[in-house]
Amino acid sequence: MRRREISIFGAAAVALTFLGFAAAGRAAEPTPVGSWFGIARPCPADPALDSALHVELCRLACGTCSTAPALPPEVPMMPTLLADGTVLADDLGSVGAYTTAHGTWIRTRDPGFPDEKKSVRLQATFLWLQPGPIPGSVRPRFVTYFDPGDPDVMLGFIQYYLFPFIDPATGMAIVSPASSSGSFAGNHIPAPAVDPLVTSLPRTCTLADRCLGTYHFVIRRVKPQ
């Protein structure tokens, strides 16, 4: 009986080992989760330097497009998409200028924005805090396209919306008048006109929307070495 038990357990161990190797050998389904690096440049795209795909993406995203003169001619960027829907983002401007951005991302087919063949559209928004001359927060719309057949590169665009909820004269947040009607109202929440957590960003990106401009980008996955 003892010998038979050993034989059974030995066979089970071999089976489990085989299953383990089989599972390890199966390729995981590609996902956009991970860290990415790339360079964004202002729309409209330059037909002399960019492909027709970039030119068309800019046209669909912002039409003729306008960008605030103060924005740089390119923005190296490093977004990270986490499996729980969190997104973290840094770009070259965050070096000594503003904070790491924090936000959320989703897979979406929102009909208000362009689609790209064979690709899943991802949309994200995040916040970073910035100092003067216009202190407050920037909350961008980040749209990118993930193709499971080419999972290590993504094309996309980003639009920067300014929320100047800090008064430059006082250095204090601009808030609504105190209220006794809500438990969380009062001087802890920015006034609605400058609140970076508004329900949704405008569909358009113009200076009248406090949108500083639209950039198009290509980002590549940061892989283990």
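Excluded from the calculations below are hydrogen atoms, water molecules and symmetry mates; all remaining heavy atoms, backbone and side chain alike, are included.
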Quick one: are the ring centres of F157 and Y145 less than 6.0 Å apart? no
When clusters are formed by joining ILVMFWY residues with side-chain heavy atoms under 4.5 Å apart, either directly or through shared neighbours, do M77 and V33 land in the same one? yes
Measure across S35 and T80 and return the closest heavy-atom pair with its distance rounded to 0.1 Å. OG-OG1, 2.9 Å
Intermediate values then yes/no, side-chain contact (heavy atoms from CB on, under 4.5 Å), I166 and I134: CA-CA 8 Å; I166 300 296; I134 307 176; over 6 Å; no
Treating Ile, Leu, Val, Met, Phe, Trp and Tyr as nodes and any side-chain heavy-atom pair under 4.5 angstrom as an edge, say whether V218 and L57 lie in one connected cluster. yes
Evaluate the side-chain contact (heavy atoms from CB on, under 4.5 Å) criterion for residues L129 and F165: first the C-alpha distance (whole Å), next the side-chain angles of each, then the deciding distance (0.1 Å), finally the verdict. CA-CA 10 Å; L129 302 177; F165 70 90; 4.1 Å; yes
Rounded distance [0.5 Å steps], CG in L207 versus OG in S66: 5.0 Å
L122: partners by side chain to side chain contact (heavy atoms under 4.5 Å, CB included), with sequence neighbours left out: P32, L81, W105, R107, V120, T144, F146, M154
Could you tell me whether the side chain of I219 reaches within less than 4.5 Å of the side chain of P79, counting heavy atoms only? yes
Can you find a side-chain donor-acceptor pair between D147 and S119 that sits under 3.5 Å? no
Can you list the residues that meet the side chain to side chain contact (heavy atoms under 4.5 Å, CB included) rule with L201, with sequence neighbours excluded? T125, R139, R141, Y161, F163
Looking at every heavy atom in both W128 and T99, which two are closest together, and how far apart are they? CB-O, 3.3 Å
For residues L155 and L53, determine if any side-chain heavy atom of one lies less than 4.5 Å from a side-chain heavy atom of the other. yes
What's the spacing between L212 CG and R210 CZ if we round to 0.5 Å? 10.0 Å
I'd like to know whether L88 forms a side-chain contact (heavy atoms from CB on, under 4.5 Å) with H102, so could you lay out the CA-CA distance, the side-chain angles of the two residues, the decisive distance to 0.1 Å, and finally the verdict. CA-CA 5 Å; L88 304 175; H102 300 258; 3.2 Å; yes
Derivation of the side-chain contact (heavy atoms from CB on, under 4.5 Å) call for Q130 and V138: CA-CA 7 Å; Q130 66 171 22; V138 172; 3.5 Å; yes
Is there a disulfide between C205 and C211 in this structure (defined here as SG atoms under 2.5 Å apart)? yes
Salt bridge (charged side-chain N to carboxylate O under 4.0 Å, His left out): which pairs involve residues 63-79, sequence neighbours left out? R41-E74
Please determine whether residues V75 and F217 belong to a single hydrophobic cluster, defined as Ile, Leu, Val, Met, Phe, Trp and Tyr linked transitively by side-chain heavy-atom distances below 4.5 Å. yes
Run the side-chain hydrogen bond (donor to acceptor under 3.5 Å, both in side chains) test against D167 and tell me which residues pass, sequence neighbours left out. none
Closest heavy-atom contact between V198 and P192? CG1-O, 4.0 Å
Shortest non-hydrogen contact from P76 toward D91: O-CB, 3.1 Å
Under a 4.5 Å side-chain heavy-atom rule over Ile, Leu, Val, Met, Phe, Trp and Tyr, are F142 and L197 clustered together? no
M78, V153: one ILVMFWY side-chain cluster at the under-4.5 Å cut-off? no
Could you tell me which non-hydrogen atom of P196 sits nearest to which non-hydrogen atom of P190, and how far apart they are? CD-CG, 4.2 Å
With salt bridge (charged side-chain N to carboxylate O under 4.0 Å, His left out) as the test, would you mind laying out the steps for K223 and D152 before giving the verdict? CA-CA 9 Å; K223 294 182 178 182; D152 296 327; 2.8 Å; yes
Only pairs at least two apart or in different chains count here, so list each ring pair (Phe, Tyr, Trp, His ring centres under 6.0 Å) that has a residue in residues 59-85. none
Using the test side chain to side chain contact (heavy atoms under 4.5 Å, CB included), find all partners of A45 that sit at least two apart in sequence or belong to another chain. D50, H54, V55, C58, H216
Where is the tightest heavy-atom contact between C62 and C43, given as atom of each residue plus distance? SG-CB, 3.7 Å
So, T204 side chain and T206 main chain: donor-acceptor pair closer than 3.5 Å or not? no
